[in-house]
2 protein chains.
Amino acid sequence: MAPKDTRTKIVEAAMELFWQKGYGSTSIADILSRTQLNSGSLYHFFPGKQDVLIAVLDAYRDGIEPMLLQPAWGGEPDPVERVFKLLGFYRTLIVETDCTYGCPIGSLALELHEADPAVRDRLAQNFANWVDAVRFCYEQAASRFRPGTDFQALAEFTLTVMEGGVMQARTHRDVAYFDRGVAQLRAHVDLLLERETA
Amino acid sequence: MAPKDTRTKIVEAAMELFWQKGYGSTSIADILSRTQLNSGSLYHFFPGKQDVLIAVLDAYRDGIEPMLLQPAWGGEPDPVERVFKLLGFYRTLIVETDCTYGCPIGSLALELHEADPAVRDRLAQNFANWVDAVRFCYEQAASRFRPGTDFQALAEFTLTVMEGGVMQARTHRDVAYFDRGVAQLRAHVDLLLERETA
DNA sequence: GGCTTAGTTGAATAATCAATCAAGTGTCAA
DNA sequence: TTGACACTTGATTGATTATTCAACTAAGCC
């Protein structure tokens, strides 16, 4: 218990700090002062700073289901609406942070240009998991979509809309940029759902 | 001539370095070694590092027309095709950099979380200029679009697709992610252009 | 020749960075 | 009681950071 306690304390603090200030601008000292630990303890569990980052990315990977998807779509039964519930969840994050919110994975993906393969793989894996979850939603409603709809592409597109919307909303400090992006996606999906018109 | 020469040398070097390594990871020493200048020269023209960043953002703002738009759409006359020529230009940048390309503005926008207002304003201005140029393209073809089409939202959506596509293509080191995003946008625009079907 | 001024030089400074390590503490099990 | 082990302490290292500054050069003007 004791050993894992320290480890998770470090990972949780690093998760928040990397999200708030980015990886490069977060110092080991930042993590230590927030956790009230000494450097020796941190370096007992992690060979170096990059390994803390890897642990953080693994934590996001393991937490997507309980910490993002389930809270986001609550009891929503309709799979397509679940996608937009998820986007709505990001909207509340944007609003709650006064339009300061940035997707932690997206921010790290853009910050770490020449990243180590171990880091890059985990970033890609996080994106892939997100896309998989959304694709699964769309596929559950496959019968309502136009035949031949590419659900993988549509799910990637949904991620694109989320990331682009978050980026613009934060830069302009205005949720409306996010909202307009989601509205465009909604129109796009609605056109792909035209069963009754056919 | 001589004074301005040094200034632009610094701005051009910083432009490339910020694009390659980001703002935080680029040191003044990096800029000095690339320009073969001494620190005193740099601090003669710029009060501090952030002022170099501001000059870089101003350079992007002033360079969007001659350095991005005109090369991108060459002699293309059709305004809608110009938008996709622009996206095609980003595609070549992605390919030429082995899927390492990141939009300099987008990367800086995500990196600089708690940015100075002077910096944030310029980032927003750069986005706004890009969107304005694209919106102008769409508006030139207004008669071909469905009545009531929101060209501002469509142009913002185009920026979203570009940024999201670039982000995913780089993270997965695969242009196909960018291509699929553009294809989705193309389908979206085509549906908005259905004149002949009406 | 002198005066001014814009630009340059490059060593120095103080802060901060990731990382190290020898000396400790506490907890087991034999 | 002893020894092994996991973990902690915190001062320290050496590299790197942005920034400063007094001295210097060169060019233009009177």
Side-chain angles (χ1 to χ4, degrees), chain A residues 1-58 107-108 111-120 122, chain B residues 1-57 107-108 111-119 122:
Chain A
M1 189 63 158
K4 206 174 186 183
D5 211 31
T6 299
R7 226 194 102 98
T8 57
K9 237 200 301 189
I10 291 168
V11 171
E12 281 168 12
M15 234 157 108
E16 198 165 323
L17 286 165
F18 291 166
W19 170 64
Q20 283 173 354
K21 334 192 341 174
Y23 174 72
S25 299
T26 298
S27 68
I28 296 288
D30 287 334
I31 299 173
L32 297 178
S33 80
R34 172 167 299 219
T35 54
Q36 304 274 44
L37 292 168
N38 298 100
S39 60
S41 296
L42 188 145
Y43 283 97
H44 175 76
F45 290 100
F46 301 96
K49 191 185 178 188
Q50 183 179 271
D51 302 272
V52 178
L53 171 62
I54 286 173
V56 164
L57 292 174
D58 285 345
S107 299
L108 289 170
E111 180 186 350
L112 304 166
H113 263 224
E114 302 152 0
D116 192 278
V119 172
R120 223 172 36 92
R122 269 156 243 255
Chain B
M1 189 61 159
K4 206 174 186 183
D5 211 32
T6 299
R7 225 193 102 98
T8 56
K9 239 204 292 192
I10 291 168
V11 172
E12 281 168 12
M15 233 155 107
E16 198 165 323
L17 286 165
F18 290 166
W19 170 65
Q20 282 173 355
K21 334 195 335 174
Y23 174 71
S25 299
T26 298
S27 68
I28 296 287
D30 287 334
I31 300 173
L32 297 178
S33 79
R34 172 167 297 219
T35 54
Q36 304 274 42
L37 292 168
N38 298 100
S39 61
S41 295
L42 188 145
Y43 282 95
H44 174 75
F45 291 99
F46 300 97
K49 190 185 176 188
Q50 183 179 270
D51 302 272
V52 178
L53 171 62
I54 286 173
V56 164
L57 291 173
S107 298
L108 289 170
E111 180 186 348
L112 305 166
H113 263 222
E114 302 152 359
D116 192 279
V119 172
R122 269 157 244 254

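Every chain is numbered from 1 and lettered A, B, ... according to where its sequence line falls, protein lines coming before strand lines.
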Throw together a table of side-chain donor-acceptor distances under 3.5 angstrom for residues 37-45 of chain B, partners on residues two or more places apart or in other chains.
none

Test of understanding: with salt bridge (charged side-chain N to carboxylate O under 4.0 Å, His left out), list the residues that count as partners of [X], not counting sequence neighbours.
X        : value
A:Asp58  : A:Arg61, A:Arg122
A:Glu16  : A:Arg34
A:Arg120 : none

Problem set entry | N/O (side chain, B:Thr6) to phosphate O (OP1/OP2, C:dG7) under 4.0 Å |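 So the side-chain polar atoms of B:Thr6 never come under 4.0 Å of the phosphate oxygens OP1 or OP2 of C:dG7.
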Exercise. So, is B:His44 near the phosphate of C:dT8, with a side-chain N or O under 4.0 Å from OP1 or OP2?
Worked result: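 Checking B:His44 against C:dT8: no side-chain N or O falls below 4.0 Å of OP1 or OP2.
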Problem set entry | side chain to side chain contact (heavy atoms under 4.5 Å, CB included) against B:Thr26, all qualifying residues, sequence neighbours excluded |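 Here the qualifying residues are B:Leu17, B:Phe18, B:Lys21, B:Asp30, B:Ile31.
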All N/O contacts under 3.5 Å from nucleotides 22-24 of chain C to the protein, with atom names and distances to one decimal?
none

Problem set entry | Side chain to side chain, A:His113 and B:Ser107, heavy atoms closer than 4.5 Å |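 SC-SC contact between A:His113 and B:Ser107 confirmed.
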Problem set entry | Within residues 35-57 of chain B or reaching into it, pairs that qualify as salt bridge (Lys or Arg N to Asp or Glu O under 4.0 Å) - sequence neighbours excluded |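 Counting only pairs at least two positions apart or across chains, no salt bridge (Lys or Arg N to Asp or Glu O under 4.0 Å) contact touches residues 35-57 of chain B.
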Exercise. Who passes side chain to side chain donor-acceptor pair (under 3.5 Å) against B:Asp116, sequence neighbours left out?
Worked result: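 Listed in chain order: nothing, the list is empty.
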Exercise. If the sugar-phosphate is the primed atoms plus P, OP1 and OP2 and the base is the rest, what is the B/S/- string for nucleotides 11-28 of chain D, using protein heavy atoms under 4.0 Å?
Worked result: B-----SSBBB-------
